[in-house]
Amino acid sequence: MSVTGQGATVWLTGLPSAGKTTIAYALAERLRAEGHRVEVLDGDEIREFLSAGLGFGREDRHTNVQRIGFVAELLASNGVKALVPVIAPFADSREAVAKRHAAAGTSYLEVHVATPVEVCSERDVKGLYAKQAAGEISGLTGVDDPYEAPEAPDLRIESHTQTVQESASALHALLTERGLA
């Protein structure tokens with residue numbers, strides 16, 4: 001099977017446990033089956049390997065998002081679909097990444113995985129909401145630290161009202177509509 005399509009960055013933003021990573025991996029599997037080159041830039045892995053030493057204050061979060069944005073644009077400009085399931089809580093940080101892509105002429109899509117905090121707290125994939133409620137951690141995005149939801153994302157996915165496959169299919173449809181899948 002030949003490699004198809006051009007590169008693009010698809011940034012999936014949303015609260016912790018919103019479903020960003022799960023949707024990204026489901027989409028990646030589908031895109032790979034179609035012959036696309038795909039990389040998932042998982043936020044936890046990036047923090048471990050590329051942004052080790054950064055904290056969770058506003059400046060460190062901004063630095064982390066810019067580093068991820070740089071890598072995503074580099075991949076996308078070389079024909080890879082870079083799927084980025086990263087919270088990126090601040091609108092100005094996401095905007096800077098979008099501008100970097102625009103300046104390079106690289107496709108960039110912002111997807112808001114708009115799962116309500118109550119649902120995220122019930123899912124609590126990493127136990128963060130429980131730790132925050134117990135006073136073990138602070139600065140949890142969307143609880144006691146800000147999350148600025150995108151005002152006009154390319155796509156808004158309400159993962160709590162549909163299956164992972166339905167969410168991935170909606171995102172695939174957007175990529176197809178934009179000539180990227």
Side-chain angles (χ1 to χ4, degrees), residues 8-25 27-28 39-77 80-104 106-160 171:
T9 294
V10 179
W11 198 291
L12 294 93
T13 179
L15 296 174
S17 297
K20 301 176 300 296
T21 301
T22 304
I23 294 166
Y25 279 107
L27 178 62
E39 290 295 334
V40 177
L41 299 181
D42 180 88
D44 293 333
E45 292 176 1
I46 295 288
R47 278 222 173 246
E48 182 178 350
F49 297 107
L50 185 63
S51 295
L54 290 180
F56 290 90
R58 186 176 180 102
E59 286 306 311
D60 280 358
R61 286 180 187 259
H62 180 77
T63 298
N64 185 48
V65 168
Q66 297 317 298
R67 288 178 182 176
I68 296 168
F70 173 80
V71 173
E73 196 284 320
L74 188 65
L75 288 168
S77 68
V80 176
K81 303 286 188 298
L83 308 182
V84 186
V86 173
I87 295 169
F90 301 110
D92 61 345
S93 295
R94 295 189 307 267
E95 179 64 22
V97 171
K99 285 181 179 175
R100 171 188 297 279
H101 281 71
T106 306
S107 296
Y108 176 86
L109 301 173
E110 184 177 70
V111 178
H112 181 206
V113 182
T115 309
V117 68
E118 300 79 20
V119 174
C120 294
S121 179
E122 288 171 17
R123 291 178 180 170
D124 205 9
V125 178
K126 300 173 195 163
L128 297 175
Y129 292 92
K131 287 179 181 175
Q132 192 277 337
E136 296 172 24
I137 63 169
S138 62
L140 182 59
T141 302
V143 178
D144 61 353
D145 212 44
Y147 175 73
E148 299 169 356
E151 292 181 18
D154 294 284
L155 178 66
R156 193 175 312 278
I157 294 175
E158 296 189 4
S159 72
H160 58 294
L171 189 42

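All values below come from the heavy atoms of this structure, side chains included, with hydrogens, waters and symmetry mates left out. No experiment lies behind these values; they were computed from the predicted model shown.
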> Do any pairs count as a salt bridge (charged side-chain N to carboxylate O under 4.0 Å, His left out) and have a residue in residues 117-143, sequence neighbours left out, and if so which ones?
Replying inline: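 Residue pairs with at least one partner in residues 117-143: D44-K126.
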> What salt bridge (charged side-chain N to carboxylate O under 4.0 Å, His left out) pairs are there with at least one residue in residues 13-25, not counting sequence neighbours?
Replying inline: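 Passing the test, one end in residues 13-25: no pairs.
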If only atom types and distance count, is the side chain of [X] paired as donor or acceptor with the main-chain N or O of [Y] below 3.5 Å?
| X | Y | value |
| --- | --- | --- |
| R94 | A88 | yes |
| T115 | A18 | yes |
| S121 | V117 | no |
| Q132 | S138 | no |
| N64 | D60 | no |
| S17 | V125 | yes |
| R47 | L54 | yes |
| Q66 | S93 | yes |
| Y147 | G14 | yes |

At what distance, to the nearest 0.5 angstrom, does [atom1] of [X] lie from [atom2] of [Y]?
| X | Y | atom1 | atom2 | value |
| --- | --- | --- | --- | --- |
| S51 | I46 | OG | CD1 | 7.0 Å |
| E110 | T9 | CD | OG1 | 12.0 Å |
| F90 | E148 | CZ | CD | 6.0 Å |

Looking only at heavy atoms, which two atoms of [X] and [Y] are closest? And how far apart?
| X | Y | value |
| --- | --- | --- |
| V40 | A28 | CG2-CB, 3.8 Å |
| P89 | P146 | CB-O, 3.5 Å |
| P16 | L128 | CB-CD1, 4.3 Å |
| T141 | Y129 | O-OH, 4.5 Å |
| A76 | T106 | CB-CG2, 3.4 Å |
| R61 | G139 | NH2-O, 3.2 Å |

Heavy-atom side-chain contact between [X] and [Y] under 4.5 Å:
| X | Y | answer |
| --- | --- | --- |
| L155 | L109 | no |
| E73 | I68 | no |
| R100 | F70 | yes |
| T13 | V113 | no |

>> Evaluate L27 against L83 for side chain to side chain contact (heavy atoms under 4.5 Å, CB included), listing each step before the verdict.
In response: CA-CA 9 Å; L27 178 62; L83 308 182; 4.0 Å; yes
>> The test is side chain to side chain contact (heavy atoms under 4.5 Å, CB included); show your working for V10 and V111 and say whether it passes.
In response: CA-CA 7 Å; V10 179; V111 178; 3.9 Å; yes
>> What verdict does the side chain to side chain contact (heavy atoms under 4.5 Å, CB included) test give for L41 and L75, after you've listed the backbone C-alpha separation in whole Å, the side-chain angles of each residue and the deciding distance to 0.1 Å?
In response: CA-CA 10 Å; L41 299 181; L75 288 168; 4.0 Å; yes
> Going through the checks in order, is the side chain to side chain contact (heavy atoms under 4.5 Å, CB included) test met by V86 and L12?
Replying inline: CA-CA 6 Å; V86 173; L12 294 93; over 6 Å; no
>> Could you go through S107 and H101, starting from their C-alpha distance and side-chain angles, then the distance that decides it, and tell me whether this counts as side chain to side chain donor-acceptor pair (under 3.5 Å)?
In response: CA-CA 7 Å; S107 296; H101 281 71; over 6 Å; no
